[in-house]
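Okay, structure first, notes after.
Sequence lines set the chain letters: A, B, ... in the order given, protein chains first and strands last, and positions in each chain run from 1. These numbers come from a predicted model, not from an experiment.
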Number of protein chains: 2
Amino acid sequence: MITQQLINPKSIAVIGGSNNKLKPGGKIIHNLKDGVFKGELFVLNPKEDEVQGLKCYRTYEELPHCDLAIIAIAAKYTEITVKELLKKGTKAFIIISAGFGEETQEGKEIENRLADLMDSHDATLIGPNCIGVINENYSGVFTTPVPKRDNSGIDFASSSGATAVFIMEAALLKGMRFNSVFSVGNAAHTSVEDVLEYWDENYQDGNSSKIKLLYIEDINNPGKMLRHAKSLIAKGCKIAAIKSGVSEAGSRAASSHTGAMASSDLAVRGLFRKAGIVYCSSREELIAAGSIFTYKELKGKKIAVITHAGGPAVMLTDAIAKNGLEVPEITNEKSKTLLEQLLPGSSVKNPIDFLATGTAEHLEKIIDFIDNDCDNIDGMAVVFGSPGLFDVEEVYDVLSHKINTCKKPIYPVLPSLINAANEIENFQNKGHINFSDEVMLGNALAQVWKQTHKPLPYDFELPKMDKKAIREVIDNSEDGYMSSAQMMAILDAASIPRAHEKVVTTIDNAIVTAEKFGYPLALKVVGPVHKSDVGGVSLNINDQHRLMAEFNRLRRIKDASGVLIQPMHKGVELFVGAVAEPKFGHQIMTGLGGVFIEVMKDIQSGLAPLSEHEIKAMLKSLKGYKILEGVRGSEGVDIAKFIDVIQKVSALVLIAPEIMELDLNPLLGNSSEVVAVDARIRIERI
Amino acid sequence: MITQQLINPKSIAVIGGSNNKLKPGGKIIHNLKDGVFKGELFVLNPKEDEVQGLKCYRTYEELPHCDLAIIAIAAKYTEITVKELLKKGTKAFIIISAGFGEETQEGKEIENRLADLMDSHDATLIGPNCIGVINENYSGVFTTPVPKRDNSGIDFASSSGATAVFIMEAALLKGMRFNSVFSVGNAAHTSVEDVLEYWDENYQDGNSSKIKLLYIEDINNPGKMLRHAKSLIAKGCKIAAIKSGVSEAGSRAASSHTGAMASSDLAVRGLFRKAGIVYCSSREELIAAGSIFTYKELKGKKIAVITHAGGPAVMLTDAIAKNGLEVPEITNEKSKTLLEQLLPGSSVKNPIDFLATGTAEHLEKIIDFIDNDCDNIDGMAVVFGSPGLFDVEEVYDVLSHKINTCKKPIYPVLPSLINAANEIENFQNKGHINFSDEVMLGNALAQVWKQTHKPLPYDFELPKMDKKAIREVIDNSEDGYMSSAQMMAILDAASIPRAHEKVVTTIDNAIVTAEKFGYPLALKVVGPVHKSDVGGVSLNINDQHRLMAEFNRLRRIKDASGVLIQPMHKGVELFVGAVAEPKFGHQIMTGLGGVFIEVMKDIQSGLAPLSEHEIKAMLKSLKGYKILEGVRGSEGVDIAKFIDVIQKVSALVLIAPEIMELDLNPLLGNSSEVVAVDARIRIERI
């Protein structure tokens with residue numbers, strides 16, 4: 001929990017404050033004295049009487065009470081310091097020092113003890129190994145640049161201090177403004193999730209920033225992140241985030257850096273998709289998404305590209321069109337009137353090209369036309385640079401004015417970082433962010449659109465199932481792969497349709513069962529886990545003669561304990577799987593079966609539980625979706641029934657979290673049924 | 001052809017030169033007077049006696065002979081000007097004026113006449129609608145910035161003048177240097193292909209720049225581009241290019257811009273892949289690829305990531321690993337010695353993290369270790385920014401020195417664009433390019449590696465086939481879809497294995513043929529083009545009874561003129577197709593058949609003719625490649641025979657360019673044969 005003393009301290013003490021501004025303990029005092037902080041500022045340093053013009057205290061006894069302590073001393077001394085200050089009633093701590101869990105096990109243990117101290121004293125600790133906190137009340141970082149705070153700017157939380165600096169540097173140069181910065185470092189006590197919780201619980205419509213950017217190395221509590229991200233988004237906020245360390249090598253890197261644990265990229269993407277967080281992979285992508293958030297909301301996917309220079313407009317149009325947005329041709333009557341008002345040779349078909357010699361007045365007419373007279377356009381990008389002949393201030397003034405007053409969002413691409421450097425700076429000083437590369441804008445715009453325009457439902461009902469029966473099977477089964485009988489019991493309790501089947505061990509029983517089920521039949525060896533690999537599956541058995549031959553063959557396979565007999569089901573091979581992700585719950589995976597999943601890797605996944613809406617979106621994202629609908633006259637699958645099975649699996653693993661892996665593979669689906677023909681379930685109690 | 005007078009003019013006249021530097025005709029004189037041009041500079045302007053300190057001539061008669069004329073007057077006066085100057089022996093022209101083919105049909109006609117004039121006088125025209133030319137002899141552009149020329153810099157050619165400016169602006173800020181710039185504008189007489197030809201034919205090892213960047217809106221002569229790009233790359237050059245206008249909307253934009261024609265993205269990618277040109281989609285990607293070219297050559301795909309700040313290293317590692325390069329763990333003995341020399345808490349496992357307080361000396365030791373003691377590392381990326389406490393000059397000096405002296409390439413990521421602005425500038429002034437975003441570097445590095453590390457063979461033999469027989473069939477067929485008999489004749493002449501077949505119209509003939517071929521049989525309706533859609537295909541016919549029933553059914557289908565009987569072939573459904581691409585020749589497409597091509601869109605393509613090497617790479621890039629090899633015990637395909645069929649198709653279309661479309665769909669492939677079971681060929685004489 002984040003205390004009020006961290007957010008709005010009446011007094012701050014810098015422990016280890018220094019006169020040397022090349023040191024963190026010196027620079028942070030310098031930054032705190034920038035005029036934002038209105039309370040009392042103290043310094044503790046046993047070797048100084050005065051630090052940067054402030055009285056310096058030499059002992060904890062002398063030091064007056066402070067709401068917030070910013071600690072810049074060696075790791076090994078931090079614990080005693082925190083204890084002393086807790087005694088004096090300090091309720092907020094920022095430890096900027098490094099040398100904790102990111103370096104040694106001992107450091108990790110100090111972190112754990114510090115976190116316990118915080119909890120037992122209702123206090124908050126930010127860090128260690130962080131750059132600090134910036135908000136409307138103080139500039140508590142030891143790094144530069146310290147962004148000039150702006151209520152309309154973005155809220156930013158970061159696992160890594162240096163990365164926070166680099167993101168700010170790149171963002172400030174583009175004109176981004178910041179409302180607050182939380183660098184949580186090793187997150188010994190306060191994680192990015194906790195910051196999100198704070199933003200959510202203290203959100204005030206009209207006062208709070210609506211834009212949140214996150215750089216995350218470790219998601220320790222995915223549930224918390226999901227809950228507060230969804231809640232913030234429901235309140236009208238936009239969130240974009242990087243979760244780094246998603247590759248194996250990358251997670252090795254992240255873990256050596258802040259002791260972060262690996263979580264699979266799939267799980268992270270699933271979480272972000274569920275929450276409505278825009279997934280970013282780089283600082284530039286994060287900044288681009290955040291920049292788009294600062295413009296008016298894009299209400300549809302049709303974009304007008306307006307330019308005085310063809311090339312970037314063509315590349316932007318390519319990028320937009322490749323990524324699922326549209327640059328529709330404009331042919332309405334009023335476009336003819338517009339064309340007459342532009343220079344001869346201009347084009348208004350979209351991209352709208354008003355030529356190298358086009359003026360501010362032309363641009364104004366074009367923007368007004370798009371804003372007022374084009375129902376089929378939802379937003380516009382304006383590309384305007386300078387070949388260096390004359391200044392473009394007037395054009396950028398029009399652009400700035402129109403961005404503020406038009407109904408539709410206008411994204412500025414001002415590429416002349418040298419020729420129009422001053423004009424771009426003036427433009428940015430009016431509160432706008434510049435997209436200097438048009439393709440970066442196009443890609444980010446498409447990503448933001450895809451990931452935010454259809455928020456997932458917050459609440460939904462899960463299918464009913466016999467919880468008691470499910471728990472009974474689980475509680476009576478041992479760790480490891482479940483028996484066929486146990487699986488049947490669980491599927492039945494979860495109302496997941498399955499093939500009828502019987503395990504037989506003698507040829508006589510096989511014949512009796514075959515007559516009961518009726519031909520054609522499928523036979524499968526019981527015992528070996530990877531049945532196909534040992535030739536343990538025999539299909540389309542049409543008569544008693546083949547039944548006997550195949551029964552005998554399967555019985556002879558190594559480790560065979562019996563033979564399973566099923567009536568043959570027909571249909572498209574489908575797949576549903578679940579796998580437990582540490583901390584994230586279960587990842588549900590689905591796709592077409594056989595080579596589509598094994599070779600083509602055409603798999604979609606989402607975090608359990610899944611809503612019907614999410615499952616529909618997952619299925620539609622399959623490359624092979626049309627096969628489910630039926631291609632070229634072949635029978636399709638009852639998609640509603642398929643969705644039902646997937647949702648039941650996603651509900652089952654909530655009731656039985658001991659399920660580490662579950663595979664329904666294949667399910668067979670046709671226009672009247674979707675039936676699990678083979679299954680594998682592994683239980684493990686952690 | 002580019003004349004020597006364009007490259008190294010002894011005299012230049014600016015036609016329409018002006019005292020007003022806000023006008024192109026004024027600015028270009030200003031730029032030409034920057035001290036690079038050593039020859040005579042004249043100005044023609046009927047209204048002035050002196051322009052920017054130069055004597056100004058009022059008539060063509062007065063104007064002395066000039067090698068190169070740079071023309072900055074209204075489009076309609078250019079033709080007469082060119083004629084007058086040709087009379088006086090001028091052999092090179094740059095027309096910077098706009099208002100030609102990009103705006104009107106009349107303008108296009110002027111361009112054509114100007115091109116004819118050039119050809120009949122052995123002269124060169126650059127433009128119109130361009131910014132001009134910069135090389136070692138003169139700065140002939142009317143725009144800024146004019147990059148300070150550098151022999152070791154890159155050669156750059158661009159279709160669009162404004163885009164050239166924007167690319168230069170972004171590139172110069174990162175430290176890129178330029179050797180020459182050719183802005184070809186509407187390319188009335190000199191295209192990007194022609195510039196490439198010039199670079200190729202005048203390439204001097206040791207003197208010429210080895211790096212070429214291209215921004216292209218129109219590829220008018222793909223063959224020329226391929227020839228000279230391959231030749232330059234064979235000489236050791238590196239080329240990266242953007243071809244814009246690859247989406248439908250984008251090509252509408254490009255065509256309104258410079259009158260460029262659409263060429264399919266597939267064809268462009270095929271051409272680039274064949275040539276070894278790195279395909280880029282944005283200015284930033286082009287600059288990143290060009291920047292990588294300026295560093296030592298990466299000889300393998302194993303990268304060490306070195307950093308003092310974890311976050312960017314983690315993101316870079318993710319980007320590298322996601323894109324097919326590797327960041328292998330380092331565990332050798334000497335790494336232990338290195339670790340002892342670094343600060344406690346450092347990690348040398350790769351990413352190598354030497355902590356926020358790491359020094360220049362530490363960096364030096366790490367780089368030397370990677371360069372000398374790590375056989376499993378091919379290159380390194382060093383991420384080093386600044387939190388703003390102290391300057392990082394010393395670190396960047398080490399980095400600069402090591403970049404120059406190490407055997408392995410070192411890519412610098414200097415993210416602190418604000419805190420280390422001066423140090424980065426100094427670093428760039430030593431001739432290095434900075435990658436400010438680590439993920440952009442990772443992505444570009446992977447792209448460059450993928451597209452350049454294995455050059456395609458320059459020469460290869462095509463399979464032998466009966467050209468005379470092929471031409472005979474083609475010459476005797478009318479435009480439109482070929483008959484079954486004609487297709488059989490062509491496939492046989494090209495030695496492409498096909499199913500035996502016979503078209504029958506009576507039930508008696510069907511029975512006789514069936515007995516000759518032997519059951520099982522396939523029956524197909526003859527007449528309708530889309531057979532499957534009308535239920536015109538019947539497979540696995542096992543006896544005479546079903547033969548008769550199916551024959552009668554197929555005969556009753558609308559437009560049926562007969563029934564084709566084939567023996568059933570078994571195997572994996574495969575596909576080979578060819579489609580004529582305007583100017584590019586034929587695009588050959590291949591993949592697995594059926595839903596893999598229709599639904600999964602798992603298609604690879606290349607420009608004809610294809611080498612065995614290219615086809616292998618295409619097949620291996622199929623997502624479903626493993627199915628060709630045989631998955632889980634199912635029979636695979638004789639891949640050598642499949643390659644042979646694909647190569648024969650690619651050779652056939654060279655002999656018969658009238659083939660607009662060719663589909664072998666399906667081919668059936670098993671471990672002993674690959675046989676075309678159905679085909680469709682459309683002929684059109686253009």
Next item on the list: Applying side-chain hydrogen bond (donor to acceptor under 3.5 Å, both in side chains), name anything that partners A/Asn443, two or more places apart in sequence or on another chain.
Entry: A/Asn323
Next item on the list: Please state whether the side chain, the backbone, both or neither of A/Ile242 comes within less than 4.5 Å of a heavy atom of chain B.
Entry: side chain
Margin query: Quick check for you: among A/Ser282, A/Ser158, A/Ala162, which has the greatest number of heavy-atom pairs under 4.5 Å with chain B?
Written below: A/Ser282
Item checked: Contact check, side chains of A/Lys601 and B/Lys623, non-hydrogen atoms, under 4.5 Å -> no
Margin query: Which residues pass the side-chain hydrogen bond (donor to acceptor under 3.5 Å, both in side chains) test with A/Ser281, not counting sequence neighbours?
Written below: B/Lys322
Checklist line | Non-hydrogen side-chain atoms of A/Leu355 and B/Glu103 separated by less than 4.5 Å | finding: yes
Notebook entry, point to check: In Å and rounded to the nearest 0.5 Å, what is the OG to CG distance from A/Ser436 to B/Leu173?
Noted result: 9.5 Å
Next item on the list: Of all the heavy-atom pairs spanning B/Ser386 and A/Val165, show the shortest one and how long it is.
Entry: O-CG1, 3.9 Å
Checklist line | Residue part contacting chain A, namely of B/Lys23, when any heavy atom lies under 4.5 Å | finding: backbone
Note to self: Please classify the contact between B/Leu343 and chain A as side chain, backbone, both or neither, with a heavy-atom cut-off of under 4.5 Å.
What the structure shows: neither
Notebook entry, point to check: Nearest 0.5 Å, what's the CG-NZ distance between A/Leu417 and B/Lys174?
Noted result: 8.5 Å
Margin query: Counting only heavy atoms from other residues, nucleotides and ligands, does the tally under 6.0 Å from CD of B/Glu629 exceed 12?
Written below: yes
Next item on the list: Count the heavy-atom pairs under 4.5 Å between each of B/Val631, B/Thr357, B/Ile167, B/Asp533 and chain A, then report the option with the highest count.
Entry: B/Asp533
Item checked: Region of B/Ile352 that comes under 4.5 Å of a non-hydrogen atom in chain A -> neither
Check: By a 4.5 Å heavy-atom criterion (distance strictly below it), what part of A/Leu172 contacts chain B: side chain, backbone, both, or neither?
Finding: side chain
Next item on the list: With the side chain counted from C-beta on, respond yes when B/Ser244 and A/Asp318 share a heavy-atom pair under 4.5 Å apart, and no when they do not.
Entry: yes
Notebook entry, point to check: Looking only at heavy atoms, what is the nearest atom pair of A/Gly624 and B/Val599, with distance?
Noted result: CA-CG1, 3.7 Å
Check: Can you check whether B/Asn419's main-chain N or O pairs, donor with acceptor, with A/Glu169's side chain at less than 3.5 Å?
Finding: yes
Item checked: Point-to-point distance, once rounded to the nearest 0.5 Å, from CG of A/Asp437 to CE of B/Met440 -> 6.5 Å
Check: If you round to the nearest 0.5 Å, how far is CD1 of A/Ile627 from CE of B/Met600?
Finding: 6.0 Å
Checklist line | Closest approach of A/Val314 to B/Glu217 (non-hydrogen atoms, all atoms of both residues) | finding: CG2-OE2, 4.5 Å
Item checked: chain A contacts, top residue of B/Gly442, B/Pro24, B/Ala164 (heavy-atom pairs, under 4.5 Å) -> B/Pro24
Note to self: Using a 4.5 angstrom heavy-atom cutoff, name the option from A/Ile418, A/Thr104, A/Thr143 with the most pairs to chain B.
What the structure shows: A/Ile418
Checklist line | Check: B/Glu102 and A/Asp353 side chains under 4.5 Å, non-hydrogen atoms | finding: no
Margin query: Could you report the tightest heavy-atom contact between A/Phe166 and B/Ala309, atom names first, then the distance?
Written below: CE1-CB, 4.0 Å
Notebook entry, point to check: For A/Lys626, is it the side chain, the backbone, both, or neither that has a heavy atom closer than 4.5 Å to a heavy atom of chain B?
Noted result: both
Note to self: Between A/Arg283 and B/Glu438 (salt bridge meaning N to carboxylate O under 4.0 Å), is one present in this structure?
What the structure shows: yes
Notebook entry, point to check: What are the two closest non-hydrogen atoms of A/Phe596 and B/Val595, and how far apart are they?
Noted result: CZ-CG2, 3.7 Å
Margin query: For a quick test of reading the model, state the closest non-hydrogen atom pair linking B/Lys27 to A/Leu389 and the distance between them.
Written below: CB-CD2, 3.5 Å
Check: Under a 4.5 Å heavy-atom cut-off, does chain B meet the side chain of A/Pro344, its backbone, both or neither?
Finding: backbone
Checklist line | Partner chain B: residue of A/Pro312, A/Ser416, A/Gly388 with the largest heavy-atom pair count (under 4.5 Å) | finding: A/Ser416
Next item on the list: Against chain A, work out which of B/Pro145, B/Ala321, B/Ser634, B/Gly594 has the most heavy-atom pairs shorter than 4.5 Å and name it.
Entry: B/Pro145
